[in-house]
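In what follows, every heavy atom counts, from backbone to side chain, and hydrogens, waters and symmetry copies are set aside. The shown structure was predicted, so the numbers you read here are calculated from the model rather than taken from an experiment.
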Amino acid sequence: MTMPLPRPPRKNPLLRTRQMNLPPGARSRVALGLTAAAAEGHFRLQTCDDCGTVQYPPREVCHQCLSATLRWRQQSGAGTLLGSTTLHHSNDLFFRERLPWRLGLVQLDAGPTLMVHLHGAVGDAPQRVRVGARLDRAGQAVLIGFPNAESAPMADDEMLREMTSDPKFRKALVTDGKTGTGQAIVRALAQAGADIIWVGHAEPWKKTGAGLDEIAALPQVTLVPLDLTDGRQVAELAGAIGSKVEIVINNAELHRTFGIGARRGTDVAKAEMEINYFGLLRLAQEFGPALKGRSADGVAGATAWVNLLSIYALSNFPPHGTFSASKAAAHSLAQCLRAEMRPAGIRVINLFPGPIDDEWNQHLPPPKLAPGALAHAIVKALRDGVEDVYPGDVAQEWLERWRDNPKVLERELAAGG
């Protein structure tokens with residue numbers, strides 16, 4: 001049984017902040033297939049197309065028939081725990097700071113035998129377990145043995161919390177609380193147990209609907225002025241709360257319709273880039289160093305950066321052409337941010353939703369993604385420790401078509417399909 005996580009004590013500001021030591025992160029190129037699957041929340045192993053053998057660890061050829069036709073296929077993870085041990089000593093700095101640490105040997109029903117990290121709710125061998133893949137603090141896939149029967153405080157396990165970014169007892173910044181999406185995110189974080197939620201709102205002198213007033217009444221919420229087009233304001237806010245923020249959720253965006261020829265001038269396109277791309281850049285430059293400096297502060301250390309992108313970032317949707325271009329630029333910038341944050345153990349999560357049910361997608365037919373569903377996807381991504389999320393039916397279909405043949409998808413979208 002997992003014990004509920006107690007509220008972390010207040011940090012003593014006079015003590016030196018711990019520096020992050022990452023777990024061993026070296027992987028072969030073929031083994032990165034396991035990491036690529038874990039980044040989207042999947043557990044996949046190599047399966048031979050010729051003889052059907054499921055193998056682990058990853059290899060260039062099938063260990064049974066030497067065939068090179070190997071595909072990464074989803075696994076159920078069902079297996080039997082054969083034995084377990086608890087480490088009380090380690091020469092690796094990351095694990096030395098986190099001892100004791102449990103490991104187990106699991107034989108999957110699919111065949112392979114795996115060495116896995118063990119969840120605290122898993123008892124002694126022999127017993128049935130479920131293996132899943134997660135990303136560790138180095139951003140590489142590791143295997144974890146879970147109990148078959150889940151219980152409510154499972155996410156409070158110390159080992160699992162090292163692999164995820166659960167909002168419970170953490171402090172978060174949501175960059176835009178004026179939109180329905182931002183308000184849904186704030187409610188979801190509050191329900192997930194976030195300790196403090198700073199909510200940005202640009203141009204506070206403008207009248208807003210009742211939604212902002214409702215979330216402002218939540219005990220965890222503090223409204224802060226934040227306009228991502230104003231570099232000075234971003235810097236001032238980072239100076240005020242940057243040393244306290246543990247999760248940044250950048251949901252601020254400017255979305256306008258039309259492509260190139262249907263609009264005169266570049267003003268709207270510049271405004272989209274100013275928030276969707278340069279806004280992310282300003283935010284990363286000011287809040288990034290503070291997050292990296294606090295990534296090893298125990299159970300409540302800085303842990304994640306979330307970007308709200310769009311499925312249009314993968315392939316341009318001409319009716320929303322300039323918006324698609326700005327999101328593609330933000331996607332590229334987010335990949336750079338992920339690479340720079342990884343040495344500090346900060347996870348950068350990118351969300352690629354399909355059309356959201358808001359005013360700028362009102363002429364698009366269903367299905368559209370509800371703001372509440374998007375907020376749920378963000379909290380789930382934080383709890384599961386994934387990197388890339390494609391919420392909604394449209395995003396999932398678009399992703400599948402893009403992976404199958406990007407050029408075909410481009411032509412279909414150009415033809416209006």
Side-chain angles (χ1 to χ4, degrees), residues 39-42 74 150 152 155 164-168 170 172-194 197 199-201 208-212 214-215 218 220-221 247-255 257 276 304-315 317 319-320 323-324 327 330-331 334 347-403:
E40 296 181 8
H42 303 299
Q74 183 70 23
E150 295 191 3
T164 63
S165 308
D166 195 319
K168 185 176 182 179
R170 286 194 164 106
L173 168 66
V174 179
T175 58
D176 186 4
K178 284 191 170 183
T179 64
T181 298
Q183 292 157 16
I185 293 171
V186 172
R187 294 188 187 96
L189 289 173
Q191 189 174 5
I197 308 171
V199 181
H201 60 130
T208 59
L212 187 62
E214 290 175 3
I215 63 170
L218 296 174
Q220 301 97 325
V221 170
I247 298 174
V248 172
I249 300 179
N250 180 27
N251 68 303
E253 66 177 19
L254 182 67
H255 186 176
T257 56
N276 300 345
W305 184 294
V306 182
N307 295 309
L308 177 58
L309 300 178
S310 170
I311 198 65
Y312 302 161
L314 300 185
S315 189
F317 186 46
H320 299 246
F323 172 75
S324 302
K327 287 298 186 177
H331 179 204
R347 178 154 299 136
V348 174
I349 301 172
N350 291 331
L351 283 98
F352 301 86
I356 301 172
D357 192 7
D358 60 20
E359 58 181 333
W360 293 106
N361 290 305
Q362 59 183 307
H363 294 301
L364 291 178
K368 289 184 279 191
L369 189 66
L374 178 60
H376 174 75
I378 291 176
V379 172
K380 187 176 187 301
L382 291 168
R383 285 175 170 166
D384 291 347
V386 301
E387 282 188 348
D388 295 318
V389 186
Y390 302 85
D393 295 337
V394 173
Q396 287 293 322
E397 181 189 0
W398 195 308
L399 175 65
E400 185 176 344
R401 293 159 65 191
W402 178 76
R403 284 178 171 166

In this structure, CG of L309 is separated from CZ of F352 (nearest 0.5 Å) by 5.0 Å

Looking at I349, N350, V379, which one forms a side-chain contact (heavy atoms from CB on, under 4.5 Å) with V306?
I349

Check the surroundings of atom CD in Q396: do more than 12 heavy atoms from other residues, nucleotides or ligands lie under 6.0 Å from it?
yes

side-chain hydrogen bond (donor to acceptor under 3.5 Å, both in side chains) partners for D358, two or more places apart
N361

State which residues pass side chain to side chain contact (heavy atoms under 4.5 Å, CB included) with T181; sequence neighbours excluded, sorted by chain then number.
T179, I185, L308, I356, P371, L374

Which heavy atom of A334 sits nearest a heavy atom of N307, and at what distance?
CB-ND2, 3.5 Å

CZ of F323 to CG of L254: how many Å apart, nearest 0.5 Å?
8.5 Å

With sequence neighbours left out, write down each residue that passes side chain to side chain contact (heavy atoms under 4.5 Å, CB included) with V394, or none if nothing qualifies.
P355, P367, W398

Note: A313 and K327 closest approach over all heavy atoms is CB-O, 3.5 Å

So, using side chain to side chain contact (heavy atoms under 4.5 Å, CB included) as the criterion, who are the partners of E214 when residues are at least two apart?
R187, A210

I'd like to check L314 versus H331 (side-chain heavy atoms, cut-off strictly below 4.5 Å). Are they in contact?
yes

Give me the atom names and distance for the closest heavy-atom approach of L351 to P391.
CD2-CG, 4.3 Å

In Å, rounded to the nearest 0.5 Å, how long is the span from CG of D357 to CG of L369?
8.5 Å

Worked check of side-chain contact (heavy atoms from CB on, under 4.5 Å) between I249 and L189:
CA-CA 11 Å; I249 300 179; L189 289 173; 3.7 Å; yes

Between A395 and I311 the two heavy atoms that sit nearest each other are O-CD1, 3.8 Å

With sequence neighbours left out, write down each residue that passes side-chain hydrogen bond (donor to acceptor under 3.5 Å, both in side chains) with H255, or none if nothing qualifies.
H320

What's the separation between atom CD1 in I197 and atom CD1 in I247, rounded to the nearest 0.5 Å?
9.5 Å

Residue pair L218 / A190: nearest heavy atoms and the distance that separates them
CD1-CB, 4.3 Å

Those residues at least two apart in sequence (or on a different chain) that pass side-chain hydrogen bond (donor to acceptor under 3.5 Å, both in side chains) with N276 are S326

Apply side-chain hydrogen bond (donor to acceptor under 3.5 Å, both in side chains) to N251 and list each qualifying residue two or more places apart in sequence or on a separate chain.
T175

So the side-chain hydrogen bond (donor to acceptor under 3.5 Å, both in side chains) pairs with at least one residue in residues 366-381 (sequence neighbours excluded) are K380-D384

What pairs with E397 under salt bridge (Lys or Arg N to Asp or Glu O under 4.0 Å), at least two apart in sequence or on another chain?
R401

By side chain to side chain contact (heavy atoms under 4.5 Å, CB included), which residues pair with E387, not counting sequence neighbours?
A39, L135, R338, R342, R347

Which atom names give the shortest non-hydrogen contact between A304 and L382, and what distance separates them?
CB-CD2, 3.7 Å

Crowding at CD, E400 (>12 non-hydrogen neighbours, <6.0 Å)
no

Separation of L399 CG from E40 CD (nearest 0.5 Å)
6.0 Å

